[in-house]
Amino acid sequence: MTGPRFRIAPSPTGYFHVGGARTALFNWALARRLGGTFVLRIEDTDAERNQPEWTQGIIDALAWIGISKDDPHFEGPYFQSELAAAHVAAAQQLFEGGHAYYCDMTAADVEARNKVEGNQGYQGWSRDRGLGPGPGHVLRFRVPPGNTVVHDLVRGDVEFDNALIEDFVLLRGNGSPMFLLANVVDDMNMRISHVLRAEEHLSNTPKQQMMWQALGHEAPVWAHLPLLVNEQRKKISKRRDKVALEQYRDEGYLPQAMVNYLMTLGWTPKGEEIQPWAHIEGDFLLEDVNHSPAFFDLKKLAAFNGEYIRQLTVEQFAAACRPWLLADDAPFPADRFDEATFLAMAPHIQPRCVTLADAAGVIDFLFLADPVIDEAAWTKTFSSPEAVAVLRDSVHAYDGIADWSADALKSSLEVIGESHGLKLGKAQAPVRVAVTGRTIGPPLFEALEVLGRDETLRRMRSAEAAVA
RNA sequence: GCCCCCAUCGUCUAGUGGCCUAGGACACCACCCUUUCAAGGUGGCGGCACGGGUUCGAAUCCCGUUGGGGGUGCCA
């Protein structure tokens, strides 16, 4: 695959961050449209943290949002910890070229010296001491005089004064490479042409750009994406916020909804917000990306998800709900679940779901031996004598009804309601509570039809006995 | 402290000097529809942070202020 090369470099932390997912999506849209490559690099210089299951988790999360490792545009995964030799070699090259120097001061030494001299940061103390490598010696980059201009595709040119950038560490005292170096070397060796990442990296970009130049290469195209923030306007983090993509997947969010929503954070498709991926991929332009941080709004995500759920065919919807319907923590035992019954009710529950996980709670009464009674609803509903009378009359009427269909059941109850001066909206309440246990739920008569005569009457009689 | 970024309804955004008495979406409110709850329909509320310029004309350009965020590690 020729063309531009993009990359994402998640760290193996055990979950995939939604912010990382958005960055991945932006990279993916461009890589595919431009006929380029999307490189996945698991980034951690510490091999111990590259747990195989975490890597698989990242690959699964990417696949969920449509970034498949089987796609010809996909390359990787690579493991940064396996590339350490190249990092050290690059550091050596930098040292030999005079772009880096060794220093024997520890962090504590620097701090102590700063205290005495009233300075801040590393002051380039070992720049001209001519030290060589040795135990405890760190390799520092020799920041050249002048300015560094970062050409950023979303923000334009950003200028930094090199004098304000301290000689940063490339190799630790134990000889291991630092992240900033490893990152540059890997991007270079993997011939990455475009680096799209979150804005938090912008401040460190001049350091990386100087390394690219010192190593004799032209820096890649940079593009820093607006941060994703919480209601406090701080960047979303695992500690405070729900950031694991896997969690949204497990809670019944549709990947199409998540993808579409994520893409609208910092960018808007032409026309309507709700757009299929093909359209997004064809339209996405870095130049159109916003500059300001975006609030990750669960409510809007929920709205997108509801919208995408409604777009599903009934069969797709039913199939998509299955895992939650048959889960161990479903509100009814899996062996009582019946596919045909669910399918019959599916059109009615589909517009009532914000997530796929919601479905089980809407139709639980169909698959439970006895409905779960909402005490407050029960008490309130049967506190009225008319309600009790309606229940009694409808038991009688339903017992003898010839045609057990939603329409017939409805007409019958309408007549009973009128005889007690009640409109259908009020008259259906006692039957609903008796059969489903709640005052709210899917359309009642359709549910009764599906539940069947015997079970419906059994529940109604049981309720009648209880309120008598 | 220093450096960098950002600033349009509560939120995500459209807007690139006249089409803006600022458009859409989510949320919220009201009404309609209705078998409860949803969904759907209609309508409403609500914003260019502030102060200076530039210009015939500024949400749009410039400067400053204020506010918010990020970075500044022998973390990634």
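Residue numbers start from 1 in every chain, and the chains themselves are labelled A, B, ... in the order their sequence lines are given, proteins ahead of strands.
With B/G71, B/U35, B/G40 as the candidates, the nucleotide lying closest to the side chain of A/L444 is B/U35. Side chain of A/Q428, nearest nucleotide from B/G69, B/U35, B/A76: B/U35. Closest to the side chain of A/S292, from the set B/U36, B/A7, B/A76, is B/A7. For A/L227, counting side-chain heavy atoms from C-beta on, the closest listed nucleotide (B/G73, B/G69, B/U35) is B/G69. Of all nucleotides listed (B/C5, B/U35, B/G70), B/U35 comes nearest to the side chain of A/P443. The side chain of A/E199 approaches B/C5 more closely than any other nucleotide in the set B/U72, B/C5, B/U35. When the nucleotides B/G68, B/C74, B/U72 are ranked by their closest atom to the side chain of A/R233, B/G68 comes out on top.
Donor-acceptor pairing under 3.5 Å, judged by distance alone, is present between the side chain of A/K300 and the base of B/A25.
At the heavy-atom level, A/K426 lies nowhere under 4.0 Å from the strands shown. Heavy atoms of A/T106 sit under 4.0 angstrom from at least one base atom.
Side chain to side chain, A/S11 and A/D44 fail the donor-acceptor criterion of an N or O pair below 3.5 Å. Side-chain contact annotation: A/Y308 with A/N260, donor-acceptor N/O pair under 3.5 Å present. Counting only N and O atoms by type, the side chains of A/T436 and A/R432 include no donor and acceptor under 3.5 Å apart. Looking at A/Y101 and A/D167, their side chains do bring a donor and an acceptor atom within 3.5 Å of each other.
Spacing between B/G18 and B/A58 at atom C1', rounded to whole Å, works out to 10 Å. Comparing the same atom, C1', in B/G71 and in B/C63 gives a spacing of 26 Å after rounding to whole Å. Distance check on atom C1': B/C50 versus B/A59 gives 14 Å, rounded to whole Å. Taking atom C1' in both B/G24 and B/U8, the straight-line distance is 13 Å, to the nearest Å.
Mapping A/F296 and A/A406 onto RNA chain B via the closest heavy atom, the residue that lands nearer the 5' end is A/F296.
Contact annotation: the side chain of A/T205 never approaches that of A/F160 to less than 4.5 Å [non-hydrogen atoms, C-beta and beyond].
The partner of B/A25 is B/U11, by the rule that a Watson-Crick or G-U pair needs both atom distances under 3.5 Å.
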